[in-house]
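This report refers to the structure that appears directly beneath it.
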2 protein chains.
Amino acid sequence: MSVPAAPAVAVDVAVLTVHAGALHVLLVQARGGPFAGWWALPGGRVREAESLEDAARRELAAQTTLRGIHLEQLFTFGQPERDPHDRVVSVAYIGLVPDPGSELIADTGGKYAAARWRPVSRLPALAYDHAAVVRLAISRVRAKLQYTNLVYTLLPRPFTLTELQSIYESILGRSLDRRNFRRKILSLGLLRSVDRTRRGSHRPAALYVFRSRRPRTVAVL
Amino acid sequence: MSVPAAPAVAVDVAVLTVHAGALHVLLVQARGGPFAGWWALPGGRVREAESLEDAARRELAAQTTLRGIHLEQLFTFGQPERDPHDRVVSVAYIGLVPDPGSELIADTGGKYAAARWRPVSRLPALAYDHAAVVRLAISRVRAKLQYTNLVYTLLPRPFTLTELQSIYESILGRSLDRRNFRRKILSLGLLRSVDRTRRGSHRPAALYVFRSRRPRTVAVL
DNA sequence: GCAAAAGTGTTCAATGTACACCCATGC
DNA sequence: GCATGGGTGTACATTGAACACTTTTGC
């Protein structure tokens with residue numbers, strides 16, 4: 001492969017979700033290049049006529065079953081040695097999706113190797129500088145969780161306050177007082193109560209949805 | 001000029017400072033390209049073997065007298081239409097420097113047209129999407145001022161608490177209570193008192209310096 | 001009736017905000 | 001002695017943290 005006279009541009013996406021009480025990231029298996037066979041973040045080269053975010057969505061669609069998810073730019077990695085063969089500047093994105101539930105494998109079934117959700121606490125060695133990308137993505141999400149309404153991207157359907165709190169706890173890595181959490185969250189006016197309830201082997205819980213599904217900055221915690 | 005098959009990579013730097021109680025940004029006059037004659041942020045193409053930050057420093061050195069300043073990555077702008085001729089993805093950086101005082105013009109005197117400090121409240125039309133870059137830079141600095149010790153980049157020499165407060169007020173665009181500001185700032189332990197004082201037509205003021213000149217996150221305000 | 005999670009209130013500590021007076025200097 | 005900014009302390013409001021008991025359901 002020839003070395004271009006100027007850096008090439010790529011995008012990489014760290015798609016995060018909370019599943020079974022743990023933060024997970026979506027990994028794909030690299031099929032070619034210097035890291036063939038390694039686990040990596042989905043991503044690829046940016047084309048001539050598309051925006052960076054469009055490139056991220058296109059690569060996600062090609063390598064996974066994810067469509068229309070929440071994306072935000074994270075950081076641009078441009079160390080000359082980050083790709084041992086080419087000079088590639090990579091614009092990293094964070095993706096956030098609701099709990100995939102039992103669909104733990106996102107797979108397009110053909111051209112690309114299967115994508116897999118992996119808990120961030122036990123990641124395999126990653127290609128390129130993708131370990132650093134994941135670390136930065138986690139710390140960014142942790143921070144933004146506290147001063148924005150970002151969680152809404154992880155909870156599309158009606159949810160109980162306990163479920164909401166559990167997402168905060170999984171990402172922040174610490175437990176929160178249930179009573180204080182409920183009071184604080186409700187006082188922000190971000191939630192709207194739905195008249196249905198969720199039943200279990202115990203008292204039914206009230207369900208809520210987010211009033212607005214647009215990014216907004218609010219002091220949540 | 002031929003359109004390359006893939007996006008090119010550039011860096012642009014919004015260098016900010018506080019001068020005479022107002023936030024200023026450093027502009028240069030574009031000499032060629034689609035925006036010849038327009039005011040723009042200093043910047044240029046990234047070369048094969050340099051990191052993004054190195055490219056930013058190299059371009060700053062070529063177009064201004066600034067060396068060794070505080071730089072941090074802001075955002076990467078990659079809309080296909082942001083440059084009407086080429087497809088250029090631009091990694092924008094924020095630069096922060098102390099008050100240049102009477103040296104209101106940074107000039108290398110040769111290859112490039114003079115660089116000038118302009119108050120951000122009265123900017124001329126800017127080339128490319130540089131107006132958006134400046135807006136984003138300002139809002140980022142405003143935010144980071146409140147939860148980091150970022151100000152130290154604007155005050156290299158001993159300063160009075162009033163000078164420090166005035167910088168906060170200029171950037172935040174609101175006035176702060178002098179007594180509360182002093183108490184809060186001193187309680188953080190970021191400052192070290194120097195035994196000298198600054199004299200004027202009034203009571204001499206104690207001088208301080210920052211204990212550490214490394215980025216750190218602290219709730220300042 | 002018992003287990004399990006839902007729901008609710010109060011107390012205390014810490015932090016932020018508003019505000020008024022004396023001090024040291026130059027002229 | 002007066003104008004100018006420097007320096008300090010106190011009262012009140014707001015916010016966050018800790019904490020215990022009652023309620024509703026399934027089994």
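Chain naming here is simple, since letters A, B, ... match the order of the sequence lines and numbering starts at 1 in each.
Side-chain contact annotation: D12(A) with S90(A), donor-acceptor N/O pair under 3.5 Å present.
The aromatic rings of F77(A) and F75(A) stand perpendicular to each other, their planes meeting at an angle above 60°, with 30° marking the opposite boundary. Taking the six-membered ring for Trp and thresholds of 30 and 60 degrees, F35(A) and W38(A) have ring planes more than 60 degrees apart, a perpendicular arrangement.
Taking only side-chain atoms of R179(B), from C-beta outward, the nucleotide of dC23(C), dG9(D), dA17(D) with the closest atom is dG9(D). Checked against dA20(D), dC19(C), dT24(D), the side chain of R178(A) finds its nearest nucleotide in dA20(D). Taking every side-chain heavy atom of R199(B) into account, dG26(C) is the closest of dT10(D), dG26(C), dG6(D). Side-chain proximity of N180(A) to dG9(D), dA4(C), dA17(D): nearest is dA17(D). Side-chain atoms of S201(B) lie closest to dG26(C) of the nucleotides dG7(C), dG26(C), dG6(D).
Between H202(B) and E163(A), the residue anchored nearer the 5' end of DNA chain C, judged by the nucleotide with its closest heavy atom, is E163(A).
A salt bridge (charged side-chain N to carboxylate O under 4.0 Å, His left out) check over residues 178-197 of chain B, counting only residues at least two apart or in different chains, returns the pairs D177(B)-R179(B).
The interatomic distance linking L164(A) (CG) with dG7(C) (P) rounds to 13 Å, in whole Å. Taking atom CZ of R203(B) as the reference point, atom C1' of dG5(D) lies 10 Å away to the nearest angstrom. The CZ-P distance, from R174(B) to dA18(C), rounds to 10 Å in whole Å. Look at CZ on R182(B): it is 12 Å from C1' on dC23(C), rounded to the nearest Å. Between F181(B) atom CZ and dA18(C) atom C1' there is a gap of 17 Å when expressed in whole angstrom units. Taking atom CG of residue D177(B) and atom P of nucleotide dC21(C), one finds them 15 Å apart after rounding to whole Å. In this structure, R198(B) places its CZ atom 14 Å from C1' of dG6(D), rounding to the nearest Å. Between R183(A) atom CZ and dC19(D) atom C1' there is a gap of 11 Å when expressed in whole angstrom units.
Listed pair K184(B) / dT15(C) fails the phosphate criterion, with no side-chain N or O lying under 4.0 Å from OP1 or OP2.
Between Y152(A) and F159(A), the ring centre distance reaches or exceeds 6.0 Å.
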